[in-house]
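Inspection log for the structure reproduced underneath, given as structure tokens.
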Amino acid sequence: MSTSTQRRVKVASLAPDFYKAMIDLDAQSATGLDPRLADLVRIRASQLNGCAYCLDMHTLDAKHAGDSEQRLHLVGAWREARKFYSEQEQAALALTEAITLISVDHVPDDVYAVAAAAFDDKELAQLIGLIITINAWNRIGVTCRLEPGHYDPS
């Protein structure tokens, strides 16, 4: 994998209508979900996609919102650190992994069933939207080589 610094387009300035639509989509994607859960979902998808920009942003957001350093450090190994995450968070993280890595196993019925048991239908629909949205952002961040270290959660 190349990490060249060759020129990459700036989607925000060159496709402003698309970028605004992404911002609007993002604003709606976590509606009705626990903000801590939403941060964990965004962090886990960003880890899987290797998006440093989004990882930087969402770990700072989570920390700023009061989530613990320990939970943030362990999210990549949440299955081995289940005691730090609620059953609902675990279901969301498993669904995040399945949707993010959809080409591997699609979304297995057992993963979906656990998520469906942990969330009501509206929450599950929002969660799916959140996962899809962060994956889209990750693809922008990775493709355009957005550089971490400039985000301020305040």
Side-chain angles (χ1 to χ4, degrees), residues 1-102 115 118-154:
M1 170 174 39
S2 171
T3 56
S4 164
T5 57
Q6 73 182 20
R7 181 188 67 82
R8 300 286 176 125
V9 298
K10 295 184 186 326
V11 172
S13 59
L14 296 171
D17 292 340
F18 166 77
Y19 200 79
K20 183 187 179 314
M22 281 296 302
I23 291 169
D24 292 343
L25 180 65
D26 190 57
Q28 292 301 314
S29 69
T31 301
L33 296 175
D34 179 336
R36 283 177 32 140
L37 181 140
D39 285 333
L40 291 175
V41 164
R42 289 176 174 129
I43 290 166
R44 186 64 186 129
S46 299
Q47 288 173 333
L48 293 168
N49 288 319
C51 185
Y53 182 85
C54 291
L55 268 171
D56 182 49
M57 174 186 289
H58 298 301
T59 55
L60 288 172
D61 283 343
K63 188 176 173 183
H64 184 74
D67 212 335
S68 76
E69 293 275 340
Q70 194 167 30
R71 279 173 39 96
L72 298 177
H73 288 299
L74 291 171
V75 72
W78 66 269
R79 283 184 174 82
E80 288 75 36
R82 290 181 184 268
K83 74 176 188 175
F84 293 97
Y85 307 98
S86 71
E87 287 186 23
Q88 193 176 54
E89 289 169 337
Q90 291 175 45
L93 290 167
L95 187 62
T96 299
E97 291 175 355
I99 293 173
T100 300
L101 304 172
I102 201 161
F119 296 91
D120 68 33
D121 288 352
K122 182 167 177 40
E123 291 170 329
L124 183 57
Q126 284 297 145
L127 177 60
I128 292 167
L130 172 65
I131 296 166
I132 290 168
T133 303
I134 188 55
N135 273 277
W137 278 120
N138 290 163
R139 279 144 180 79
I140 293 167
V142 171
T143 302
C144 299
R145 301 259 199 282
L146 298 181
E147 189 176 321
H150 306 287
Y151 179 74
D152 180 359
S154 59

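Scanning all heavy atoms of the two residues, the minimum distance from Ala92 to Ile131 falls at O-CD1, 4.4 Å. Across all their heavy atoms, Thr59 and Asp56 have their closest contact at OG1-O, 3.3 Å. The heavy-atom pair separating Val11 from Tyr19 by the smallest distance is CG1-CD1, 4.1 Å. The two residues Leu40 and Leu93 come nearest to each other via the heavy atoms O-CD2, 3.7 Å. Smallest separation of non-hydrogen atoms from Ala62 and Asp39: CA-OD2, 3.4 Å. Summarising the geometry of Gln28 relative to Gln126, their closest heavy-atom pair is O-NE2, 3.0 Å, with the distance given to 0.1 Å.
Between Leu74 atom CG and Tyr85 atom OH the span is 5.0 Å, to the nearest 0.5 Å. Remark: Leu60 CG to Asp152 CG distance equals 8.0 Å, nearest 0.5 Å. To the nearest 0.5 Å, the span separating CE on Met22 from OG on Ser29 amounts to 8.5 Å. The distance from the CD atom of Gln90 to the CZ atom of Arg79 is 9.5 Å, given to the nearest 0.5 Å. In this structure, the separation between CG on Leu48 and CD on Glu97 is 5.5 Å, given to the nearest 0.5 Å. Put simply, CG on Leu127 and CZ on Phe119 are 5.0 Å apart, with the number rounded to the nearest 0.5 Å.
Between Lys63 and Asp67 there is no salt bridge, since no side-chain N of the basic residue sits under 4.0 Å from a carboxylate O of the acidic one. Under the 4.0 Å criterion applied to side-chain N and carboxylate O atoms, Arg82 and Glu89 are not assigned as salt-bridge partners. Look at Arg8 and Glu147 and you find no salt bridge, because none of the NZ, NE, NH1 or NH2 atoms lies under 4.0 Å from a carboxylate O.
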Pair Cys144-Lys10, side chain to side chain contact (heavy atoms under 4.5 Å, CB included): steps then yes or no: CA-CA 7 Å; Cys144 299; Lys10 295 184 186 326; over 6 Å; no

Stepwise side chain to side chain donor-acceptor pair (under 3.5 Å) check, Asn135 with Thr100: CA-CA 7 Å; Asn135 273 277; Thr100 300; 3.0 Å; yes

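Paired with His58 under the rule side chain to side chain contact (heavy atoms under 4.5 Å, CB included), one option of Gln47, Arg44, Arg42 passes, and it is Arg42. Of the candidates Val142, Thr143, Ile134, Cys51 forms a side chain to side chain contact (heavy atoms under 4.5 Å, CB included) with just one, namely Val142.
Counting non-hydrogen atoms of neighbouring residues, nucleotides and ligands closer than 6.0 angstrom, the CG atom of Asp120 exceeds 12 such neighbours.
Inter-residue side-chain proximity for Asn49 and Trp137 is flagged as unmet; no heavy-atom pair is nearer than 4.5 Å.
Tyr151 and Asp61 are linked by a side-chain donor-acceptor pair at a separation below 3.5 angstrom, with hydrogens and angles left out of the test.
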